[in-house]
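Only a predicted model underlies this, so the values are computations on that prediction, with no experimental measurement involved.
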Amino acid sequence: MDERTASEVAATTRTRIGRVGIFSGMLRSAPPDVEREAVRRVEALGYGSIWFGESIGGKDAFAHASYLLAATSDVMIGTGIANVWARHPANMAGAAATVGAAWPGRFVHGLGVGHAPTVEASGQAYVRPLAHITDYLAGMDAARDSAPATPVPVPRLVAALKPRMLALARDSAHGALPYFVPPSHTPAARAILGPDRLLLVEQSVVLSTDATAARRTARGWMELYLQLPNYVDNLRRLGYADDVVDGGSDRLVDAIVAWGDEAAIAARVDELLAAGADSVLLQVLASDAATTLDHLAQLAPAVVGVAP
């Protein structure tokens, strides 16, 4: 990847994407008509970007991005992530370029290796993930001339937790998209990425001042992730070795999930921005899509204008 071009793409995206976006979480499981209305409301609230994940066999990442882009007018839409085991690298490059050509400057392509259980459930072998995605990104680059032309380059972000994956995001992409990480991860990630790459950080939140209730909600959401080796190994590396058992200690829960009133959530956003995040992607943990939207509306005045 050409260093000058990569730095320019990252800089352009940084000015466009806004300090706070959302990770759709509950919203992405809604029917398309409900989700389209939801993202229009999120855009009206002033959030700069909307992100969603992809599971193999679920909503296709690029079809999903397309109908969200068609439903909105200005907000950026990002795949967080498009799974590399779901398609050939040339198809990945072509799909990203197709969406980028249709909505210039509004699409961000996040991709990553996902997790062994879901990949193996699809009948594939989850082996040497770092080597696999290294070769995969090279395959995407080799297919660039066959992909549709885009009026502006499509930013490419790699889902990255550990140093070697973050270094790959620096060297072969426009930045990194960490997920399920404590605040201490952000300055370390920025140090590896350097100043010229994007760092977008997912931050789960519970809008409640009741510690018991908030931590119960957080633990219910964290249960799945504490069964996935990629996340658990990273947390142990970051000093949470004794915290990842029995549903997670209060210390771990409070690091992974910000909870409290609007001011408390804004303080976590401010902390991450000051530590080097270019944008914080809030994932509201709520029981349904309507409550998620209500909480995003409550949070917007406090977080959308937060400065580092």
Side-chain angles (χ1 to χ4, degrees), residues 9 12-13 16-18 21-114 118 122 136-137 139-141 143-159 173-175 177 179 198 200 202 279 281-283 289 292-293 296:
V9 171
T12 300
T13 306
R16 174 80 174 77
I17 202 163
I22 75 153
F23 202 95
S24 62
M26 176 63 68
L27 301 181
R28 77 174 176 132
S29 62
D33 57 337
V34 174
E35 191 180 13
R36 282 192 290 263
E37 182 57 36
V39 296
R40 283 192 283 265
R41 185 175 176 193
V42 169
E43 180 176 46
L45 290 169
Y47 292 95
S49 64
I50 299 169
W51 297 74
F52 56 86
E54 178 186 47
S55 58
I56 298 173
K59 288 182 179 179
D60 176 84
F62 299 101
H64 194 175
S66 294
Y67 76 70
L68 297 187
L69 285 159
T72 52
S73 59
D74 189 60
V75 68
M76 297 189 82
I77 302 293
T79 54
I81 58 168
N83 196 303
V84 301
W85 305 91
R87 51 187 65 80
H88 188 279
N91 286 350
M92 182 81 89
T98 299
V99 178
W103 288 277
R106 292 189 56 207
F107 177 61
V108 184
H109 181 205
L111 70 161
V113 295
T118 53
S122 74
Y136 193 98
L137 291 170
M140 288 181 63
D141 290 340
R144 184 181 296 126
D145 290 343
S146 300
T150 59
V152 296
V154 175
R156 183 167 80 186
L157 303 181
V158 173
H174 300 107
L177 185 66
Y179 187 95
L198 293 165
L200 276 60
E202 178 268 346
S279 188
L281 312 179
L282 297 182
Q283 182 167 199
T292 297
L293 286 170
L296 286 170

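Panel note: side chain Thr79, backbone Gly110; a donor-acceptor pair is recorded below 3.5 Å. Under the 3.5 Å distance criterion, the side-chain polar atoms of Arg36 are left unmatched by any main-chain donor or acceptor of Tyr67. A donor-acceptor pair under 3.5 Å is formed between the side chain of Ser279 and the backbone N or O of Gly18. Formation of a donor-acceptor pair under 3.5 Å by the Tyr47 side chain with backbone atoms of Leu296 is found in this model. His174 contributes no side-chain N or O that, together with a main-chain N or O of Leu157, makes up a donor-acceptor pair within less than 3.5 Å.
Under the salt bridge (Lys or Arg N to Asp or Glu O under 4.0 Å) criterion, Glu43 pairs with no residue at all, not counting sequence neighbours.
A salt bridge links Arg144 with Asp141: the distance from a Lys NZ or Arg NE/NH1/NH2 to an Asp or Glu carboxylate oxygen falls below 4.0 Å.
A heavy-atom distance below 4.5 Å is found between the side chains of Leu137 and Val158. The shortest distance between side-chain heavy atoms of Gln283 and Trp51 does not fall below 4.5 Å. Residues Ile81 and Glu54 have side chains not in contact (no heavy-atom distance under 4.5 Å, counting atoms from C-beta outward). Contact of the Val39 side chain with the Val75 side chain is not registered, since no non-hydrogen atoms from C-beta on lie closer than 4.5 Å. The side-chain heavy atoms of Leu281 and Leu177, taken from C-beta on, include a pair separated by under 4.5 Å. Counting only heavy atoms from C-beta outward, the side chains of Trp103 and Ile77 never approach each other to under 4.5 Å. The side-chain heavy atoms of Trp85 and Ile56, taken from C-beta on, include a pair separated by under 4.5 Å. Val99 places none of its side-chain heavy atoms less than 4.5 Å from the side chain of His64.
One finds the CG atom of Asn91 at 10.5 Å from the CE atom of Met140 (value rounded to the nearest 0.5 Å). To the nearest 0.5 Å, the span separating NZ on Lys59 from OG on Ser29 amounts to 7.0 Å.
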